[in-house]
*Asks:* 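Got a structure for you, written out below as structure tokens; questions coming shortly.
The chains referred to below are lettered A, B, ... by the order of the sequence lines, with proteins before strands, and numbering in each begins at 1.
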Amino acid sequence: MITREEKFGWVLASPYIIYFIIISAFPIIFSLILVFMRWNMLSSMQFIGLQNFFTLFQDPLFWKALMNTFTFLIIHIPLQICLALLISALLNSPDLIWKSFFRSTFFMPVVISGVVVTLLWKQLYSTETGLLNNILLGMNLEKIPWLTSTKIAMPAIAIMATWKNLGLYIVILLAGLQNIPRSLYEAADIDGASRIQQFFHITIPMVNPTLITVIVLSTIGGFSLFIEPYIMTGGGPLNSTLSTNLYIYQQAFSFYKMGYAATLGFMMAFVIFLVVMLQRKYIEREI
Amino acid sequence: MKIKLLKYLGYLILVIFAITFIYPFLWMISATLKPEIEIQYPNLIPSEFSLKSYYNVFMKIPIGRAFFNSVFVSGSVTALVLVFSSMVGYALAQLKFRGRELLFSIMLLTMMIPFQVTLIPMYVLMVKFGWVNTYMALIFPAMISVFGIFLLRQYFKAFPKALIEVARLDGCSELYIVFKLVWPNSIPALVTVGIITFMNSWNDVLWPIIVIRKQELMTMPQMVTLFATGGQADAQMGTILAAATLLAIPVVVLYLIFQRQFIESMASSGIKG
């Protein structure tokens, strides 16, 4: 017999079930099929076996994009973690005045569209008329070709992304810090431990679970890098800021290589999974 | 003495960081009011005020229409997410039915699938449905939020079962219970889900770029992006930054009003997501 609860359970959950079939199950299965196909959306699909994977492994641009994305992550994540830890620890001091002012200020870029932030920084970074270079000139320093040098462009984007997201990680870490019992610090005070010692021996170990969350979140976020290079550099100069997502976008919507783009998507899902697993394993053991 | 020095150093660091966060925004606003030649300098007060940059934006692109599209799309998405997440969240939290645990595990699993995998098939689906260049393409894929379901389920779990039983005995339908009984008691959770959904929808740009090609259907971020990168702005920095400022204003206004809710919502979404 079907009870009233049973019936209404399914009725109320039905929007998700319908959504799951259309927006999750179907796309995943379809994507799995596309991986073995050549398809430009105009002519009919053509089965090509594992050809897409062979292409992928020999595609220098894909590996370039993957390396670029890793360059971005290697600069972005440590910079972000260190700054967020420093600022959230400072904000956590018990007698700080203007605390909510500081918190709101650092959080501002988080709520603002990446489009706005990127357009703003594109101007700040401009080599000839950019604000940063004008300030450098004013201090009698040399101009930096922020977005026009193959070596500096990706780090420049990573710095901007850190500025954009820092507030979010400050707030998450701050919540973690506030959960540390004050009594631990008081005991350390009595034992004569300095503030710096307290930071490394109490704060860091106690905030470790939150730290892992932050690292995983910013890794996943970093792998979705798209609009920043799309607006700032279009992937240039010489593909030095081509991110994997920008590459997938180009393959799919500039060249209409749907099968290949789906293969790239799967490859990236695998890479993200692998990186996050490694991070969890490594960091949990380390600290 | 040493403690005091450390404290001042702490303030100094915070103030320097605060300046690097506030100054660029002030400079951006000032750049939209300056003569073009003056933009490259760090001064915040323009030598002469001019609204020419804003005038250019309004002359060159239908930014008012884009604003309407953004409000309509983000508003619909937020309303639908709140309604559907509440229904599903309530079913998962308060109703016992076969398959409930399975459904919950499926949700957890789908949350871990990166959007890179589903992006291409989703676009194909929109083409097959004939939804490319319609509001449906922007609203439909976003109207269920697994994050919203999780958060509301968690919140609804604490709702007293006895009250629900009483309402049932009075002959109330389950939908009535969700929206007339549980909702008024769940305002903080609804605000959290609402803010995050609205913000994500307002700021989304990758998906609109893919499914919308007609200018009159573009949302603000997409229109501003294409305006800035497509050469329509004639590389006039003041004009580009004026368009960016217009795009930022609605969310900034909401942020200034609901600061605490924004920050707490995002912090909790970070921890749970």
*Asks:* Of the backbone (N, CA, C, O) and the side chain (C-beta and beyond), which part of B/Pro114 lies under 4.5 Å from a heavy atom of chain A, both, or neither?
*Replies:* side chain
*Asks:* Would you say A/Leu131 and B/Pro42 make side-chain contact, with heavy atoms under 4.5 Å?
*Replies:*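 A/Leu131 reaches B/Pro42 side chain to side chain.
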*Asks:* Heavy-atom distance under 4.5 Å between the side chains of B/Ile39 and A/Gln123, does that happen here?
*Replies:* yes
*Asks:* Going from NZ on A/Lys257 to CD1 on B/Ile120, what distance comes out if it is rounded to the nearest 0.5 angstrom?
*Replies:* 13.0 Å
*Asks:* Need one label for B/Met112: side chain, backbone, both or neither, based on atoms under 4.5 Å from any heavy atom in chain A.
*Replies:* neither
*Asks:* Please report the interatomic distance CE(B/Met87) to CZ(A/Phe8), rounded to the nearest 0.5 Å.
*Replies:* 10.5 Å
*Asks:* Can you tell me which portion of B/Trp27 sits under 4.5 Å from chain A's heavy atoms? Options are side chain, backbone, both or neither.
*Replies:* side chain
*Asks:* Between B/Tyr23 and chain A, which part of the residue has a heavy atom less than 4.5 Å away: side chain, backbone, both or neither?
*Replies:*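 When you check distances to chain A, only side chain atoms of B/Tyr23 fall under 4.5 Å.
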*Asks:* For the CD1 atom of B/Ile113 and the CD1 atom of A/Ile272, what is their distance to the nearest 0.5 Å?
*Replies:*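 These two atoms lie 12.0 Å from each other.
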*Asks:* Could you go through the side-chain contact (heavy atoms from CB on, under 4.5 Å) check for B/Ile263 and A/Phe106 one step at a time?
*Replies:* CA-CA 11 Å; B/Ile263 294 174; A/Phe106 299 138; over 6 Å; no
*Asks:* Under the side-chain contact (heavy atoms from CB on, under 4.5 Å) criterion, do A/Val111 and B/Leu254 qualify, and how do the steps go?
*Replies:* CA-CA 10 Å; A/Val111 299; B/Leu254 280 181; over 6 Å; no
*Asks:* What option among A/Phe266, A/Phe273, A/Phe253 has the most heavy-atom pairs under 4.5 Å with chain B?
*Replies:*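 Of the options given, most contacts go to A/Phe253.
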*Asks:* Given heavy-atom pairs under 4.5 angstrom as the criterion, report whether the side chain, backbone, both or neither of B/Val146 touches chain A.
*Replies:* side chain
*Asks:* Would you mind reporting whether A/Asn245 and B/Leu119 have side-chain heavy atoms less than 4.5 Å apart?
*Replies:* no
*Asks:* Measure B/Tyr123 against the heavy atoms of chain A and call it side chain, backbone, both or neither at under 4.5 Å.
*Replies:* side chain
*Asks:* Within the structure provided, determine whether A/Tyr16 and B/Leu92 are in side-chain contact (heavy-atom separation under 4.5 Å).
*Replies:*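 Of all side-chain heavy-atom pairs linking B/Leu92 with A/Tyr16, none is under 4.5 Å.
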*Asks:* So for A/Leu120, is it side chain, backbone, both, or neither that comes closer than 4.5 Å to the heavy atoms of chain B?
*Replies:* both
*Asks:* Are side-chain heavy atoms of B/Ile240 and A/Lys122 found at a separation under 4.5 Å?
*Replies:* no
*Asks:* Quick check for you: to the nearest 0.5 Å, what is the distance between B/Met122 atom CE and A/Ile22 atom CD1?
*Replies:* 9.0 Å
*Asks:* In terms of heavy-atom pairs under 4.5 Å with chain A, which of B/Val224, B/Val83, B/Ile195, B/Ile106 leads?
*Replies:* B/Ile106
*Asks:* For each of A/Pro109, A/Ser224, A/Pro209, tally heavy-atom pairs with chain B at distances under 4.5 Å, and name the one with the top tally.
*Replies:* A/Pro109
*Asks:* If you count heavy-atom pairs under 4.5 Å with chain B, which of A/Leu173, A/Val171, A/Thr129, A/Val216 comes out on top?
*Replies:* A/Thr129
*Asks:* Between B/Val15 and chain A, which part of the residue has a heavy atom less than 4.5 Å away: side chain, backbone, both or neither?
*Replies:* both
*Asks:* With a 6.0 Å cut-off (strictly less than), is the heavy-atom count around CG of A/Leu274, excluding the residue itself, greater than 12?
*Replies:* yes
*Asks:* Under a 4.5 Å heavy-atom cut-off, does chain A meet the side chain of B/Val252, its backbone, both or neither?
*Replies:* side chain
*Asks:* Quick check on the structure: residues of residues 227-234 of chain A within a heavy-atom distance below 4.5 Å of chain B, by number.
*Replies:* A/Ile227, A/Tyr230, A/Ile231
*Asks:* According to salt bridge (charged side-chain N to carboxylate O under 4.0 Å, His left out), who are the partners of A/Glu5, at least two apart in sequence or on a separate chain?
*Replies:*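 Only B/Arg168 meet the salt bridge (charged side-chain N to carboxylate O under 4.0 Å, His left out) criterion with A/Glu5.
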*Asks:* Would A/Phe20 and B/Ile144 count as a side-chain contact (heavy atoms from CB on, under 4.5 Å) here? Give the steps.
*Replies:* CA-CA 9 Å; A/Phe20 169 75; B/Ile144 294 263; over 6 Å; no
*Asks:* Strictly distance-based, threshold 3.5 Å: is any side-chain N or O of B/Thr118 a donor or acceptor partner for the main-chain N or O of A/Pro27?
*Replies:* no
*Asks:* Please look at A/Leu96 and chain B and tell me whether the side chain, the backbone, both or neither of the residue comes under 4.5 angstrom of a heavy atom of that chain.
*Replies:*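 Interface part for A/Leu96: both.
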*Asks:* Between B/Leu256, B/Ile149, B/Thr110, which residue shows the highest count of heavy-atom pairs closer than 4.5 Å to chain A?
*Replies:*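 So the answer, after comparing B/Leu256, B/Ile149, B/Thr110, is B/Thr110.
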*Asks:* Tell me if a side-chain donor or acceptor on A/Tyr19 pairs with a main-chain N or O of B/Ser145 at a distance below 3.5 Å.
*Replies:* no
*Asks:* Distance-only, no hydrogens or angles: does the A/Trp10 side chain make a donor-acceptor pair with backbone N or O of B/Gly99 under 3.5 Å?
*Replies:* no
*Asks:* Is any side-chain heavy atom of B/Tyr255 less than 4.5 Å from a side-chain heavy atom of A/Met108?
*Replies:* yes
*Asks:* Which heavy-atom pair separates B/Pro141 from A/Ile23 by the least distance, and what is that distance?
*Replies:*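 Reported closest heavy-atom pair: CA-CD1, 3.9 Å.
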*Asks:* Does any heavy atom of chain A fall under 4.5 Å from the side chain of B/Leu175, the backbone, both, or neither of them?
*Replies:*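 When you check distances to chain A, only side chain atoms of B/Leu175 fall under 4.5 Å.
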*Asks:* Does the plane of the ring in A/Trp163 sit parallel, tilted or perpendicular to the ring in B/Phe25? Use 30° and 60° as the thresholds.
*Replies:*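 Answer is tilted, since the angle falls between 30° and 60°.
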*Asks:* More than 12 non-hydrogen atoms from neighbouring residues, nucleotides or ligands closer than 6.0 Å to CZ on A/Phe199, yes or no?
*Replies:*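 Yes, CZ of A/Phe199 has more than 12 neighbouring heavy atoms, counting only those of other groups under 6.0 Å.
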*Asks:* With side chains defined as the heavy atoms from C-beta onward, is the minimum distance between A/Tyr249 and B/Ile209 less than 4.5 Å?
*Replies:*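 With C-beta onward as the side chain, the pair touches.
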*Asks:* Supply the atom-to-atom distance A/Leu12 CG to B/Phe97 CZ, rounded to the nearest 0.5 angstrom.
*Replies:*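 A/Leu12 CG to B/Phe97 CZ: 8.5 Å, rounded to 0.5 Å.
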*Asks:* Check the pair B/Phe262, A/Val110 against side-chain contact (heavy atoms from CB on, under 4.5 Å), reporting the backbone distance first and the verdict last.
*Replies:* CA-CA 10 Å; B/Phe262 260 94; A/Val110 178; over 6 Å; no
*Asks:* Pick one of side chain, backbone, both or neither for A/Ile17, based on which atoms fall under 4.5 Å of a heavy atom in chain B.
*Replies:* side chain
*Asks:* Is there side-chain contact between B/Phe17 and A/Ile170, with heavy atoms separated by less than 4.5 Å?
*Replies:*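 SC-SC contact between B/Phe17 and A/Ile170 ruled out.
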*Asks:* Need one label for A/Leu86: side chain, backbone, both or neither, based on atoms under 4.5 Å from any heavy atom in chain B.
*Replies:*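 Looking at A/Leu86, just its side chain touches chain B.
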*Asks:* Can you tell me how far the NZ atom of A/Lys7 sits from the CG atom of B/Leu95, to the nearest 0.5 Å?
*Replies:*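 Separation between the atoms: 12.0 Å.
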*Asks:* Please report the closest heavy-atom contact between A/Val116 and B/Ala244, naming both atoms and the distance.
*Replies:* CG2-O, 3.4 Å
*Asks:* For residues 101-121 of chain A, which residue pairs pass the side chain to side chain donor-acceptor pair (under 3.5 Å) check, not counting sequence neighbours?
*Replies:*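 Every pair satisfying side chain to side chain donor-acceptor pair (under 3.5 Å) with a residue in residues 101-121 of chain A: A/Ser104-B/Gln259.
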*Asks:* In terms of heavy-atom proximity below 4.5 Å to chain B, should A/Phe26 be classed as side chain, backbone, both, or neither?
*Replies:*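 The side chain, not the backbone.
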*Asks:* Most heavy-atom pairs under 4.5 angstrom with chain B, which of A/Ser93, A/Ser14, A/Ala13?
*Replies:*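 Result: the option with the highest number of such pairs is A/Ala13.
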*Asks:* Got a sec, which residues hit side chain to side chain donor-acceptor pair (under 3.5 Å) with B/Gln94, two or more places apart in sequence or on another chain?
*Replies:*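 B/Gln94 satisfies side chain to side chain donor-acceptor pair (under 3.5 Å) with B/Lys161 once adjacent residues are dropped.
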*Asks:* Parallel, tilted or perpendicular for A/Phe102 and B/Tyr11, by the 30°/60° rule?
*Replies:*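 If you compare the ring of A/Phe102 with that of B/Tyr11, the planes turn out tilted.
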*Asks:* Of the backbone (N, CA, C, O) and the side chain (C-beta and beyond), which part of B/Leu226 lies under 4.5 Å from a heavy atom of chain A, both, or neither?
*Replies:*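 Looking at B/Leu226, just its side chain touches chain A.
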*Asks:* Given a strict heavy-atom distance threshold of 4.5 Å, which part of A/Phe226 is in contact with chain B: side chain, backbone, both, or neither?
*Replies:* side chain
*Asks:* Under 3.5 Å, side chain of B/Asn203 to main-chain N/O of A/Gly114, donor-acceptor pair present?
*Replies:*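 Not confirmed, B/Asn203 side chain does not pair with A/Gly114 backbone.
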